[in-house]
4 protein chains.
Amino acid sequence: MPKIVDEQMREATRQHILHEAAKEFARLGFDQANINLIAEKAGIGKGTIYLYFENKRELFLAMLRFIAQSQLAAIRGALAQHGNLQMRLEQLFLAFVRLAEKESDSFNVYMSALYGVNRAFRTEATKLLRDYVAVIALVLEEAQVRGEIRVRNIDTTALMVLSLTESFILSARVLGQSEQTLVTQASQTAQFIMQGFVASV
Amino acid sequence: MPKIVDEQMREATRQHILHEAAKEFARLGFDQANINLIAEKAGIGKGTIYLYFENKRELFLAMLRFIAQSQLAAIRGALAQHGNLQMRLEQLFLAFVRLAEKESDSFNVYMSALYGVNRAFRTEATKLLRDYVAVIALVLEEAQVRGEIRVRNIDTTALMVLSLTESFILSARVLGQSEQTLVTQASQTAQFIMQGFVASV
Amino acid sequence: MPKIVDEQMREATRQHILHEAAKEFARLGFDQANINLIAEKAGIGKGTIYLYFENKRELFLAMLRFIAQSQLAAIRGALAQHGNLQMRLEQLFLAFVRLAEKESDSFNVYMSALYGVNRAFRTEATKLLRDYVAVIALVLEEAQVRGEIRVRNIDTTALMVLSLTESFILSARVLGQSEQTLVTQASQTAQFIMQGFVASV
Amino acid sequence: MPKIVDEQMREATRQHILHEAAKEFARLGFDQANINLIAEKAGIGKGTIYLYFENKRELFLAMLRFIAQSQLAAIRGALAQHGNLQMRLEQLFLAFVRLAEKESDSFNVYMSALYGVNRAFRTEATKLLRDYVAVIALVLEEAQVRGEIRVRNIDTTALMVLSLTESFILSARVLGQSEQTLVTQASQTAQFIMQGFVASV
DNA sequence: TATGAATGAGGTTTCATTCAT
DNA sequence: AATGAATGAAACCTCATTCAT
């Protein structure tokens, strides 16, 4: 059954293109990134890329989904660990610090898409935002079930938590704070949040 | 003294170009925005724009400084009002809600610059971020002097406050929350922050 | 072996572009010549020209080398014929008359490059000048070996010969002398030169 | 009579513009030279230049006449001195060496115009060429009257002399020969020419 | 007369996309 | 399926020239 082998090959090539595309888009942004160069770096012909993606826009969107998946997996992994809510919030914070450090390119691409002007890109980036909020909301719900906290609006609170982790970390990074410094703030921030929950009652 | 009149005219034209540029850059982003179209919308000749700005890049930077100034003035105005810290935090929140609503274009331009790939743009956008933090830090310091709160690291805390207002609001807007809804969360968020300060002691 | 066919096609297209470029550059000069028009006249797309030449400057240089090659070949051919020095000098003279007539465009391009302000163009044009001198010097050397003449400095003398043929003819053409008239001066000029050699002894 | 003073002022300004124009045209060529820059260097307003010259083309032509006058004066001066023909030819040669050295810019402008593509420029440059030939022809005629030489066609011979001085020197300069070296060839070249006259009988 | 702000035509070059092989 | 040669739209920027002051 060569069909399956072909299918695997095709998927492998697709992934390879996405990887190279992510690098280029992160390095230069959507407009300045060069499709031909992406093809070249992926070791395929200029035209071949169009056998996998309809056009530059679709390639960018696919790449956006690609890095979203990867980031969400990292966040899910961090929150999957056991422990009380404060410990989990610390893990979430640390996970974002790691991502902001190691996948800063992906973050830039994602943020550009989220606040950029292209409607299609924004829609796609918003999905990741929604997923983040959903994952955090789930954790908060569990904590509520276990009686650790009591919050009025889970989704709004989840968004606050996200702002105090992801956005806070990104801003801090932009302002020049080192990964080191940020790591030491994990516990403090988690406390800040936990304490804040009192207000939500 | 015709010099002054000319000087005024010149400044007026400059401002006019910046306004139109802001609209176009917000609508299309730096790369897709068209200098010719900006000139046309500003009601001047193609070449005239280059009598006011060296090139497209410089025009963008000037516009960035322009909207930064305007936004910072709005925030400063909101915080200038008297009242205790919680009331001021509410005002800050409401100010950002208003800005996110009325100057959403400016926010998009600013965020794109902050997380985009162009180093010069990022540097300029970072300045505004720093200014925001500085303004909030000032308010926190005053509150501390008055004994309302006691925080360890003023700047880090200010950044947390900013994340829980600006970033939170922007994310909420992206997720579709109405201005109306956000306004009702001003008090809640301010409480959340005030409560969180307990953790910082 | 489709490679060879493609290679041939490519070379043919290159030559074709060079021909059209030569015509346009000769007609309008480097600055006024229009790449779009050259492409159009060559029957190819605007962008295609950049698949063969890096930019306008490189196209011009390539064309300069192209016409230099062609002119030098004509001169070499003229001097290759047997006969004593005077006969060869006559042949040289006649060859230049023919070139000045049939390839006047090339001459204009070449002279413009030689005395123009663009350093790169001048360097390239100087090469042709050097080649001319070298070819003539070779003939003089042979004549000296055969005892026909005795000259002190071969290169300087060769440059004199060149001045009395190429430059003389170009000036005469500019002053309106017909090809006809010039042809009748071949013998006279050759005699002038031969006689002049007596001075060099 | 302020009229005369004004007239003098006007002529002075004209000359000044021409001087600056000559420098810029020599430095950059007709197309690359910038009218605004010429005006600035001449210390006058952009628009003022158009009160003295109809347009860029006319300015260039005026400048061409300007440097032609100056060069011709130098050549006339060199040939005015007494002595036999050979001595005068030596003087002519030396005069061109000096010009090629000190007024190399003017020479480039002149040669570019002479062999360039602009018909109007070529016509103007040709006038100088004609003048050169006429001046030399006059000297030859005098020498013939005095019985020093006997030539068939004075004008053709004059052109030969010009080729063996001006063109020879320009070529030699392009090929890198120093002024020093060229000066030592004055006598040799004059001899070459004198000897060549024998052929013309 | 002198000025210089304003104009807009014009041209090189890039690059996403197509399509014949 | 894969390729890459060919295409041409699109845009920034310059600069000669005009004209109101």
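Below, chains carry the letters A, B, ... as their sequence lines are ordered, and counting in each starts from 1.
The CG atom of D105(A) sits 10.0 Å away from atom CD of E24(A), with the distance rounded to the nearest 0.5 Å. Atom CG of L59(B) is separated from atom CZ of R14(B) by 9.0 Å, given to the nearest 0.5 angstrom. Here the CZ atom belonging to R10(A) is positioned 5.0 Å from the OH atom belonging to Y52(A), to the nearest 0.5 angstrom.
Within 6.0 Å of CD in Q69(B) there are 12 or fewer heavy atoms belonging to other residues, nucleotides or ligands.
Atom-to-atom, CD of E40(A) to P of dA5(F) comes out at 12 Å; the value is rounded to the nearest Å. What separates CZ of R14(A) from P of dA1(F) is a distance of 15 Å, to the nearest Å. Rounded to whole Å, atom C1' of dA5(F) lies 10 Å from atom CE of M9(C). Taking atom NE2 of H16(B) as the reference point, atom C1' of dA6(E) lies 15 Å away to the nearest angstrom. Rounded to whole Å, the distance from CZ on F25(A) to C1' on dA16(E) is 11 Å. The CD1 atom of I49(A) sits 10 Å away from the P atom of dA16(E) (whole-angstrom rounding). Distance CG (L28(C)) to C1' (dG10(E)): 14 Å, rounded to an integer number of Å. Separating the CD atom of E11(B) from the P atom of dA5(E) is a distance of 15 Å, rounded to the nearest angstrom.
Of the listed residues (F25(D), F53(D), F66(D)), just one forms a ring pair (Phe, Tyr, Trp, His ring centres under 6.0 Å) with F60(D), and that residue is F25(D).
Ring to ring, F30(A) and F121(A) are close: their centroids are under 6.0 angstrom apart.
Looking only at distances, no side-chain donor or acceptor of R122(C) sits under 3.5 Å from a matching main-chain atom of V117(C). When atom types are taken as modelled, the side chain of K46(B) and the backbone of I35(B) share no donor-acceptor pair closer than 3.5 angstrom.
Looking at heavy-atom distances under 4.0 Å, Y52(C) makes contact with sugar-phosphate atoms alone, never a base.
When each of dT3(F), dT1(E), dT7(E) is scored by its nearest atom to the side-chain atoms of T48(B), the top-ranked nucleotide is dT7(E).
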If the sugar-phosphate is the primed atoms plus P, OP1 and OP2 and the base is the rest, what is the B/S/- string for nucleotides 11-21 of chain F, using protein heavy atoms under 4.0 Å?
SSBBSBBB---

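Taking all atoms of both residues into account, the shortest heavy-atom contact from I44(C) to I49(C) is CD1-N, 4.1 Å.
With the 3.5 Å cutoff on both pairing distances, Watson-Crick and G-U pairs in DNA chain F assemble into runs of at least 3 at E:2-21 with F:2-21.
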